[in-house]
Amino acid sequence: MLQSVLITGASSGIGEECAVFLAHKGFRVFAAARRIDKLKELTAVGSGRITPLQMDVTDQASIEAALKTIADERIRLYGLINNAGVSAMGPVEKLPLDEWRRLFETNLFGLVAVTKAVLPQMRAAGRGRIINVGSLTGRIASPFQGAYAATKHAVEGMSDSLRRELVPYGVKVSVIRPGAINTPFGQHEVEMLANYENDDPYGDQVRTFKAWFSRQHPTAPSPVVVAEAVHHALTAENPHSRYTAPFKMSYALALRNLLPSGVTDRVLERVNGLAKYRK
Ligand SMILES: NC(=O)c1ccc[n+]([C@@H]2O[C@H](COP(=O)([O-])OP(=O)(O)OC[C@H]3O[C@@H](n4cnc5c(N)ncnc54)[C@H](OP(=O)(O)O)[C@@H]3O)[C@@H](O)[C@H]2O)c1
């Protein structure tokens with residue numbers, strides 16, 4: 001029998017790539033997101049193994065309805081890929097609290113809600129994989145990404161607890177840390193930065209940062225590098241607790257772990273152009 005996985009945020013970018021990639025690898029894929037029309041387009045490219053499911057991870061009733069659809073087919077999920085995510089950009093001082101809440105509702109509380117709903121069936125089966133899509137920003141936080149970085153740091157911490165709690169039940173937990181990936185996500189972030197271009201006093205810094213940041217995603221790797229990491233986390237007997245995608249970004253993380261924060265700050269400033277504002 002095919003192994004079944006649920007992917008959240010599958011209507012675009014990384015989630016969409018994972019859905020198609022895993023379907024071609026022989027998984028039965030439940031592809032979930034809010035935009036059902038976008039998901040329906042996947043049925044044509046998924047070798048008949050992709051089922052679209054409408055799900056808003058911030059809405060408990062919607063999560064339960066989607067899981068009922070799966071249960072009605074007498075399918076027990078082997079894998080959950082918590083990928084749905086949103087971003088907001090802006091100085092910590094200026095980004096409205098409602099934006100912070102919106103991010104936490106999706107990137108952390110939504111992820112936890114879907115995980116809680118799926119876990120009983122995995123524990124009962126004594127096997128399963130939970131794969132949380134974090135971010136390199138869950139370890140290295142650029143300026144003007146405070147809210148997003150906070151949610152992704154939270155995903156890292158929660159995933160460590162979850163992985164250790166689930167050892168006795170045969171359910172394995174991995175975090176994927178994508179670096180910049182070429183999806184619509186980066187363009188949304190650039191547009192949000194534009195809201196602060198004329199801010200007093202951050203405007204000048206924001207414009208400099210945006211000039212650098214807007215060059216990152218269009219030339220970044222394809223989401224397939226993330227799909228490959230997800231596939232490994234699903235199929236390896238002993239999956240890694242963390243995957244960095246693309247792998248070469250692991251070197252940035254290793255440096256971050258080795259260097260004192262003050263040195264890391266200066267390296268980042270040299271890269272993103274903000275060094276000229278240092279006093
Ligand atoms: N692209 C990057 O450079 C990058 C880097 C590091 C980490 N990541 C992470 O990778 C994940 C996917 O990002 P992406 O680049 O593929 O972005 P994307 O193309 O913007 O896709 C985001 C997906 O999340 C879904 N989503 C958002 N809010 C949702 C909600 N409340 N309920 C259900 N689905 C929701 C969207 O679908 P609907 O709007 O249809 O609901 C969409 O399918 C995110 O967690 C992101 O933080 C991305």
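Side-chain atoms are counted along with the backbone in the values below, which use heavy atoms only and exclude waters and symmetry mates. In listed order, ligands and their atoms are each counted from 1. From a predicted model like this one, the values you see are computed outputs, not experimental measurements.
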* Asked: Are a donor atom and an acceptor atom from the side chains of Y202 and E93 found within less than 3.5 Å of each other?
  ->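 A donor-acceptor contact under 3.5 Å links the two side chains.
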* Asked: Are side-chain N/O atoms of D56 and S62 paired as donor and acceptor at under 3.5 Å?
  ->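 No, S62 and D56 have no side-chain donor paired with an acceptor closer than 3.5 Å.
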Against heavy atoms of [X], which atoms of ligand 1 measure under 4.0 Å?
X: H217; result: 3 (O)
X: A10; result: 43 (O)
X: S11; result: 36 (C), 37 (O), 38 (P), 40 (O), 42 (C), 43 (O)
X: G134; result: 7 (C), 9 (C)
X: G85; result: 22 (C), 24 (O), 27 (C), 44 (C), 45 (O)
X: G13; result: 16 (O), 19 (O)

* To do: Report yes if I181 has an N/O atom closer than 3.5 Å to an N/O atom of ligand 1; otherwise report no.
  =>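 N/O-N/O distance under 3.5 Å: yes.
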Mind checking whether [X] has a heavy atom under 4.0 Å from ligand 1?
X: T8; value: no
X: M55; value: yes
X: A180; value: yes

More than 12 foreign heavy atoms under 6.0 Å from [atom1] of [X]: is that the case here?
X: F109; atom1: CZ; answer: yes
X: R270; atom1: CZ; answer: no
X: Y277; atom1: OH; answer: yes

* Lys/Arg N to Asp/Glu carboxylate O, R102 vs D98, below 4.0 Å ->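 Salt bridge flag = no for D98 with R102.
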* For a side chain to side chain donor-acceptor pair (under 3.5 Å) with Y243, tell me which candidate from H232, E228, R177 qualifies. =>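 In the set H232, E228, R177, the residue that makes a side chain to side chain donor-acceptor pair (under 3.5 Å) with Y243 is H232.
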To which protein heavy atom is [atom] closest, and what is the distance rounded to 0.1 Å?
atom: atom 16 (O) of ligand 1; result: I14 N, 2.7 Å
atom: atom 31 (N) of ligand 1; result: D56 OD1, 2.9 Å
atom: atom 47 (O) of ligand 1; result: Y148 OH, 2.6 Å
atom: atom 15 (O) of ligand 1; result: T183 OG1, 2.5 Å
atom: atom 17 (O) of ligand 1; result: F185 CD1, 3.2 Å
atom: atom 25 (C) of ligand 1; result: G9 CA, 3.5 Å
atom: atom 41 (O) of ligand 1; result: R34 NE, 2.7 Å
atom: atom 18 (P) of ligand 1; result: S12 OG, 3.6 Å

* Look at atom 4 (C) of ligand 1 and find which of G179, A19, S135, G15 reaches it with the closest heavy atom. =>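 Of the listed residues, G179 has the closest heavy atom.
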* Asked: Nearest to atom 34 (N) of ligand 1 by heavy atom, C18, A220, A84, G110: which?
  ->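 Heavy atom nearest to atom 34 (N) of ligand 1 belongs to A84.
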Okay, side chain of [X], backbone of [Y]: is any donor-acceptor separation there less than 3.5 Å?
X: N272; Y: L274; answer: yes
X: K152; Y: V133; answer: yes
X: T151; Y: L103; answer: no
X: T58; Y: G110; answer: no
X: N182; Y: P218; answer: yes

* To do: Please examine the side chains of F27 and L234, heavy atoms only from C-beta on, and report whether any two atoms are closer than 4.5 Å.
  =>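 SC-SC contact between L234 and F27 confirmed.
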* Within reach of ligand 1, part of V86 (heavy-atom separation under 4.0 Å) ->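 For V86, the contact with ligand 1 is made by the side chain alone.
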